[in-house]
S.K.: 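Sending over a structure as structure tokens; questions will come in a sec.
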2 protein chains.
Amino acid sequence: MKDVAAAAGVALKTVSRVVNDEPGVSPAMAERVAAAIERLGYRRNESARVLRRGRTATIGLVIEDVADPFYSEISRAVEDVALEHGSLVLSGSSGEDPRRERELVLTFCDRRVDGLIIVPAGSDHEYLLPELDAGVRAVFADRPGGLAEVDTVLCDNVGGARTGVAHLIRHGHRRIAFLGDSEAIFTARERLAGYRLALAEAGLPADESLITMGPESRTGAALRAMLAAPDPPTAVFTGNGRITVAALRTGHRPALVGFDDFELADALTPGVTVVAQTPGGLGRTAAELLFHRLSGGSGPAERIELPTRLIPRGSGELPP
Amino acid sequence: MKDVAAAAGVALKTVSRVVNDEPGVSPAMAERVAAAIERLGYRRNESARVLRRGRTATIGLVIEDVADPFYSEISRAVEDVALEHGSLVLSGSSGEDPRRERELVLTFCDRRVDGLIIVPAGSDHEYLLPELDAGVRAVFADRPGGLAEVDTVLCDNVGGARTGVAHLIRHGHRRIAFLGDSEAIFTARERLAGYRLALAEAGLPADESLITMGPESRTGAALRAMLAAPDPPTAVFTGNGRITVAALRTGHRPALVGFDDFELADALTPGVTVVAQTPGGLGRTAAELLFHRLSGGSGPAERIELPTRLIPRGSGELPP
DNA sequence: CTGAAAGCGCTTACAG
DNA sequence: CTGAAAGCGCTTACAG
């Protein structure tokens, strides 16, 4: 910038004005400065700018795993919204490890991100307090975090699971298994609650031997064991996309409704009936809420719940 | 830092030494400073550090679309390697638009990233030259860019396609269709070349009416038209994961080998035979090469080609 | 082992 | 409309 100022024969401040499109520069002078910028190939140093201004025009995104289609769709949506607002995205995968989540968040804060979108791996977010005090804005997505004063965007987990299970009941099933993710995960617990709710509403008993909670690596064995037992389930409700896929991999094809839509759900035989949420919508909503706050939006913390949608494709309409 | 220095009763430089684990601080003093840091909740301002040091410990990643599983696996691998080297990743999706690629890259350069990993959307990378001169390191991944002096990591596109098509020929097919992505894309052209090579090696004629190049939105119609024509193909080779999925969606199940592995390829009936590349390996190799350069690794530009692997699952072993 | 001074490249606040 | 000075929070280079 100093070189540009010298080349154009003006003061530093004038170059700064031109670079930032600030008003109050005569056209002639602006022209002269622009020419010097062009000639020298000058580009503003963002680090210096950040140091002075405080805002980095960067947000941090912490998800579980970018390689998981659910989270990569969230990523894409967040990225798109950020771009619309002239921001960039630093992202990182926590791998469901609360310590890693914390580390990533704090690293992002050291880089002075303006805001954070966090898919909480843990439930304790005390560590965020000093950062929030320092002015960082945060939004929890997909799951609530441990701080009530932070905006949160979820999907209707209970309602979605309830709808899916009710659908199986309507098609005549009485013994319906629930294969969910680890109970440590909020969404897994909520969906289990929706399952129980649907059974209760239909006056059906909840047989605990038909419920398994755990990572998808254990889904296959659990399903096989249930189907081999006396009085096996005639239908299965799977608690997320990875678990649905793991269940399908077993080769068994009981009646099935899965939480989360996934690629090729319609290409299998039969097509897989799902309760679809929109990860893109989740990401977009969280990002828009964040930028709303960053541009001064005030008011109490919001808790937004996005609807789900049942998509019948065949597997959920099989008779017992 | 000033506050910490005051609180500990030492000079700024001493605090800096402690914060950066520099040698030459007496244990007693280090202790005193550490206590003050703890007490005041001090955290180093990275922007100021960057401004002074030059290095940002951040790299930029430009891919086509994070929401595409192929690229999100690359992302994850790059992120992991970056973390191992204490770096963060700014990422962006170009959407196959060369202008968007350029914009993202230059924005990343404005933020003074140390290095770039680019999946080129365009073939003209003149715009990178000034940045390279300014000291940014770059690696092209998945496709070569327009600069021979830049390190490049690819997979063996020609060899992979050749192997896949030869596999179909070995199973008795004589009329094999090729459904590839747009000819504007390097990998699509290379794979088409591999297809032609395999046919030529088997002494089979290349029937141009069996070749379609274009985005996956046109795959379904193209395949249906081919199968409805007189003398239809008995087998299909699909040029990437998205196109394979689009072909499967038609419901038709000719013999098929697809480039790229994908989730559920083994759960379909029949299982889908694929030529698998390892997106994770691509990302990891590119990132490791980048960090090697960043830590001073010299020598001429490398061009690394990763092998592919044929995975027979049924669809590629169907007879004509 | 410890520190005082200068400077990285900008923007802020103020003066003219 | 234009500019000179101070300062953002660090690190570098040098002195003691």
Side-chain angles (χ1 to χ4, degrees), chain A residues 1-37 40-58 86 106-107 109-114 130-131 134-136, chain B residues 1-37 40-58 86 106-107 109-114 130-131 134-136:
Chain A
M1 187 176 266
K2 205 165 51 181
D3 296 345
V4 173
V10 301
L12 264 185
K13 177 63 212 176
T14 303
V15 179
S16 174
R17 285 201 178 91
V18 173
V19 168
N20 293 300
D21 286 323
E22 281 173 34
V25 181
S26 71
M29 183 135 289
E31 180 74 12
R32 194 138 54 92
V33 172
I37 287 175
L40 299 177
Y42 167 77
R43 208 100 58 63
R44 180 171 63 197
N45 181 322
E46 292 296 328
S47 302
R49 179 164 216 247
V50 162
L51 182 58
R52 207 64 187 80
R53 302 202 49 181
R55 281 253 174 135
T56 55
T58 305
L106 292 180
T107 305
C109 289
D110 286 349
R111 304 297 182 97
R112 297 297 187 266
V113 293
D114 300 329
E131 308 301 334
V136 174
Chain B
M1 186 175 266
K2 207 164 51 182
D3 295 347
V4 173
V10 301
L12 264 185
K13 178 61 211 176
T14 302
V15 179
S16 174
R17 285 201 179 92
V18 172
V19 168
N20 293 298
D21 286 323
E22 281 173 35
V25 181
S26 70
M29 183 137 287
E31 180 72 12
R32 195 138 54 92
V33 172
I37 286 175
L40 300 177
Y42 167 77
R43 208 96 60 63
R44 179 171 63 196
N45 181 321
E46 291 296 326
S47 302
R49 178 164 216 249
V50 162
L51 181 59
R52 205 63 186 80
R53 303 203 47 182
R55 282 256 174 129
T56 56
T58 306
L106 292 180
T107 306
C109 289
D110 287 351
R111 304 297 182 96
R112 296 295 187 270
V113 292
D114 300 329
E131 308 301 334
V136 175

S.K.: May I have the distance from A:Lys2 (atom NZ) to C:dC10 (atom P), rounded to whole angstrom?
M.R.: 10 Å
S.K.: Quick check: on DNA chain C, is the nucleotide nearest B:Val25 upstream (toward 5') of the one nearest A:Asn45, or the reverse? Name the residue that is more 5'.
M.R.: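 Between the two, 5'-proximity favours B:Val25.
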S.K.: Considering heavy-atom distances to DNA chain D, does B:Ser47 or B:Glu22 have its closest nucleotide positioned more toward the 5' end?
M.R.: B:Ser47
S.K.: Nearest whole angstrom, please: distance from the P of D:dT11 to the CZ of B:Arg55.
M.R.: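 To the nearest whole Å, that distance equals 16 Å.
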S.K.: C:dC10 C1' sits how many Å from A:Arg43 CZ, rounded?
M.R.: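 In whole Å, C:dC10 C1' and A:Arg43 CZ are 16 Å from each other.
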S.K.: Distance check needed: D:dC10 C1' versus B:Arg53 CZ, whole Å only.
M.R.: 11 Å
S.K.: Just to be sure I understand the rule, does B:Val10 reach a base, reach only the sugar-phosphate, or reach nothing, if contact means heavy atoms closer than 4.0 Å?
M.R.: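 Sugar-phosphate contact only.
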S.K.: Has A:Thr14 got a side-chain N or O lying under 4.0 Å from the OP1 or OP2 atom of D:dC1?
M.R.: no
S.K.: Check every strand shown and say whether B:Ala48 touches a base, only sugar-phosphate, or nothing at a heavy-atom separation below 4.0 Å.
M.R.: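 It contacts base atoms.
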S.K.: Over how many whole Å does the gap from A:Ile37 atom CD1 to C:dC10 atom P extend?
M.R.: 10 Å
S.K.: Do the side chain of B:Arg52 and the base of C:dG7 come within less than 3.5 angstrom through a donor-acceptor pair of N or O atoms?
M.R.: yes
S.K.: Rounded to whole angstrom units, what separation is found between the CG atom of B:Leu12 and the C1' atom of D:dG7?
M.R.: 14 Å
S.K.: Output the rounded distance in Å from CG (A:Leu51) to C1' (C:dT11).
M.R.: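 Rounded to whole Å, this separation is 10 Å.
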S.K.: Please report, rounded to the nearest Å, how far the P atom of C:dT2 is from the CZ atom of B:Arg17.
M.R.: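 Distance, rounded to whole Å: 8 Å.
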